[in-house]
Amino acid sequence: MDEVIICEKPRSSEKIAKALFPKAKKKKYKKTYYWEYQGEDKRTIIIPAVGHLYTLKPKNPSDELFFDLEWAPIPEVDKKKRYIKNYIDAIDSLAKNADKYFHACDYDIEGTLIGYNVLKHICGEEALQKTLRMKFSTLTKNDIIKAYENPIELDYGQVDSGIARHVLDFIFGVNISRSLMRSVKESTNRFIKLSAGRVQTPALSILVDREKAIRKFKPEPYWVIKAILEDGIIALNQRGRIFQENEVEGVLGTCKGKDAIVEEVKINMITRMPPAPFNLGGLQAEAYKVFGLSPKRTQSIAQNLYLEGYISYPRTSSQKLPKTIGYEKILKGLSEDPRFHEKIAKLERPLKPYEGEKEDEAHPAIHPTGLLPEKLGKYERKVYELIVYRFISAFGGKALIESMNTKLNIGGEIFKFSRKRVAKKGWMEQYPYQKIEDEKFPEFEEGEKVPVKEIIAEENETKPPARYNEASLIKEMEKRGLGTKSTRADIISILYDRKYIEGKKIRVTPLGENIIDTLKRYCEKITSEELTRQFEEELKKIMKGKTSKDKVIKKAEEEIISIIEEIENNKEEIGKHLYKAYQKGRIVGECPECGGNLLIRYSGKTKSSFVGCSSFPECRIVYPLPKGARILKSKCEKCGLPLISYGRPRQRACLDPKCGKGEKGKMEVVGKCPECGNDLVKRSGRYGEFIGCKGFPKCRFTASLEEVKGKG
DNA sequence: GCAAGGTC
């Protein structure tokens, strides 16, 4: 009389086993673990999946359009995910032919489907007849026990909407991607890897819109009038930005040579609450801001810290720290480290964390477990400490900021300035990444006359909208409901891989823009959030039994067929344009022999990149590229060809190996570092070229090439 | 080769 509990992941299987059967034994199967409990009359196996174990694949890979799909074990389709096989094997050998099954995966659409596929494809169809569903919203002992004692029926509406989500994403994404690639292949006989999808395409579209807004933007000159007083006080004219030059003259005329009368001095106390505890997006944004880490890197570091047991589950959207995580125990553990102890000792009791608004049914906000790491890599340590300090600061209580707002009257014109200083540090004491304001308040009294040293009109230009970076794009995607907390960083890196975007401050390449322009013409829906919205509605209807998954999929198939038809009918034009845009982004310089474009090319034979002339085969100029080489924007002083950087440590050389080694190892000095006074040099990183301090890593000052140009 | 979603 056996009973099997199927869990979504190893971690939840441990929690479920311990909650239901404290005496259950942890057992090993190959490289994976499961739990076994031998009761008086029955034996229970608690066994995990690792997220999805099955994925969709076309039944017949030679179909032109993929509509006929089937579920296949992920390790068979994706060789990088062979570890999943261990979990499938474990379930296959331990969890078949039981009398009773519990489906105990997360209670959401994906979780329901994960468990359903395990039962259907590994345990066997008949297992589904013997299955009950555990429904819990948190992985706490109470919830788990309740869910086990009062199981419900498996909700097939949920299962079907999960299946439909996978099918719709596949048939839209894969078929449209293939059709784009086919149009390039058939019109130019070249292969470029292209893709479109429900999430990646709208994300790219956001970036293209911004790119167009920046291009369209015309800077306008404006003036700001400032009064310079004693003690370095600079007051701004109340009019703010002035766009008319004669207005500037007028204001200057009224104020020049006059003293200032203090019209109003207001001192306020502002309360500043601690920053919200981290969810994944919050952690990614802060690690980007403080350390310059890419969201993808932060995510993988957080995953490692979690697997080592140092922090809680990172793929959460929650900003809540429920009592049940055990504040005192965690803080006690952290206190073993003197640097954390110093912060913790200053906390006031009773402990009550400040929380953010966002919630997650399955997990609390990211927090340390209290187990102190022994050895960590450099960035792992930074991210870990960031999480620890953020957690401690949630208990730090509010900070009070004293703010002084002063109004001055100079010949009838109003000028303002403000000062801030921290009156009570509160949580700022615990969070070392926070800047603590401490400005001096001048002793001004209302009605007092103050001398004015100078009135100036400062000329400025309006600025174009800012470019997105990875962290701000993730936030924007979050706001628009594109992707999930665990997939956003990966989706952005697909956009980089496809060469749709480049740079740390994201620029869209000609190819990226062309993809969006093309899809806007033939499949507007996939470029906007429209498709996601439609999916959400249809899936909800399936869940409620108001429609069937087959109907929804059938409708989607018809839609896709008509989109693909349109693309096929125009494939000559689409393919040529896409390829041209692709090449435009690959131009690295001018051919010294024939004046054509030098392009980055890829040789399928040697599986390596090289630089060749666009007039091939008439012009046969080629330059080799060392493995991992990057082509820089800087040009060789001797011959004008671009420089490349390659090797480890990175060194620079001319693209033409015969040109000479004059540039090798030489750093181009472009100025002085404003932070440490050392030389500023051109460097290159994985996002391209930038300006960095020669004193790296001691001094970590960096700037973009544009910034330096702008400031001279 | 192509998507997006789960997780070690």
Side-chain angles (χ1 to χ4, degrees), chain A residues 7-14 31-33 48-58 61 63-66 69 71 74-75 77-88 90 105-106 108-118 161-185 191-204 280 299-300 302-308 313-316 362-363 477 482-495 497-498 515 526 531-532 535 539 556 560 564 602 604:
Chain A
C7 308
E8 179 156 328
K9 46 192 169 259
R11 167 134 174 112
S12 64
S13 70
E14 175 168 7
K31 285 177 180 170
T32 71
Y33 293 93
V50 250
H52 283 292
L53 304 181
Y54 286 76
T55 188
L56 287 171
K57 76 163 211 251
D63 284 352
E64 183 159 348
L65 284 178
F66 293 157
L69 309 177
W71 291 95
I74 292 178
V77 178
D78 186 347
K79 281 181 187 151
K80 276 173 268 163
K81 294 183 173 168
R82 250 177 257 152
Y83 70 90
I84 293 181
K85 188 166 190 306
N86 298 326
Y87 292 85
I88 296 178
C105 300
D106 294 355
D108 51 34
I109 290 186
E110 295 300 329
T112 300
L113 183 59
I114 289 167
Y116 170 82
N117 276 338
V118 166
S161 69
I163 295 172
R165 206 278 301 149
H166 280 253
V167 172
L168 293 179
D169 270 334
F170 191 102
I171 61 180
F172 267 95
V174 176
N175 286 319
I176 292 176
S177 300
R178 283 161 51 92
S179 153
L180 291 172
M181 287 187 278
R182 214 163 30 230
S183 68
V184 173
K185 180 77 192 168
F191 169 77
I192 7 176
K193 199 194 262 185
L194 297 173
S195 63
R198 174 177 55 88
V199 179
Q200 60 168 271
T201 306
L204 179 59
L280 182 59
Q299 188 165 337
S300 106
Q303 173 72 9
N304 287 338
L305 292 170
Y306 156 71
L307 291 175
E308 297 290 326
Y313 191 71
R315 286 182 287 256
T316 174
H363 312 280
M477 291 170 73
L482 287 175
T484 72
K485 60 207 171 212
S486 352
T487 58
R488 289 181 189 118
D490 289 329
I491 282 181
I492 296 174
S493 79
I494 289 176
L495 300 180
D497 288 349
R498 301 274 183 276
I515 282 276
I526 204 175
L531 203 57
T532 285
F535 271 35
L539 299 187
I560 292 162
I564 304 280
Y602 184 78

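First the proteins, then the strands, lettered A, B, ... as listed; each starts at 1.
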Over all strands shown, is [X] touching base, sugar-phosphate only, or nothing at heavy-atom distances under 4.0 angstrom?
X	value
A:Leu531	nothing
A:Ser195	sugar-phosphate
A:Gly483	sugar-phosphate
A:Tyr87	sugar-phosphate
A:Ala49	nothing
A:Tyr33	nothing
A:Val199	sugar-phosphate
A:Ser486	base
A:Ser179	nothing
A:Ile84	base
A:Leu56	base

Where each residue is assigned the nucleotide of DNA chain B containing its nearest heavy atom, which of A:Lys185 and A:Lys81 is assigned the position nearer the 5′ end? A:Lys185
Result for 5'-nearest mapping on DNA chain B, choosing between A:Pro10 and A:Val174, is A:Val174
Taking atom types as modelled, is there a side-chain donor on A:His52 or A:Glu8 under 3.5 Å from an acceptor on the other? no
Answer with yes or no whether A:Lys485 presents, from its side chain, a donor or acceptor under 3.5 Å of a partner atom in the base of B:dG6. no
[N] phosphate, OP1 or OP2: any side-chain N/O from [X] under 4.0 angstrom?
X	N	answer
A:Arg11	B:dG6	no
A:Gln303	B:dC8	yes
A:Tyr313	B:dT7	yes
A:Arg498	B:dA3	yes
A:Arg198	B:dG5	yes
A:Thr32	B:dC8	no

Start with the C-alpha distance between A:Leu280 and A:Gln299, add both sets of side-chain angles, then the distance that settles side-chain contact (heavy atoms from CB on, under 4.5 Å), and finish with yes or no. CA-CA 8 Å; A:Leu280 182 59; A:Gln299 188 165 337; 3.8 Å; yes
Quickly, which of A:Asp169, A:Leu168, A:Val167 forms a side chain to side chain contact (heavy atoms under 4.5 Å, CB included) with A:Arg165? Name it, please. A:Asp169
Among B:dT7, B:dA4, B:dG6, which nucleotide sits nearest the side chain of A:Arg315? B:dT7
Passes side-chain contact (heavy atoms from CB on, under 4.5 Å), A:Asp106 versus A:Lys9? Steps please. CA-CA 9 Å; A:Asp106 294 355; A:Lys9 46 192 169 259; 3.0 Å; yes
By side chain to side chain contact (heavy atoms under 4.5 Å, CB included), which residues pair with A:Asp497, not counting sequence neighbours? none
Go through the structure and list residues passing side chain to side chain contact (heavy atoms under 4.5 Å, CB included) with A:Arg82, not counting sequence neighbours. A:Lys79
Nearest-Å distance for atom pair CD/P, residues A:Glu14 and B:dT7: 16 Å
Euclidean distance, atom CD of residue A:Glu8 to atom P of B:dC8 [Å, nearest integer]: 9 Å
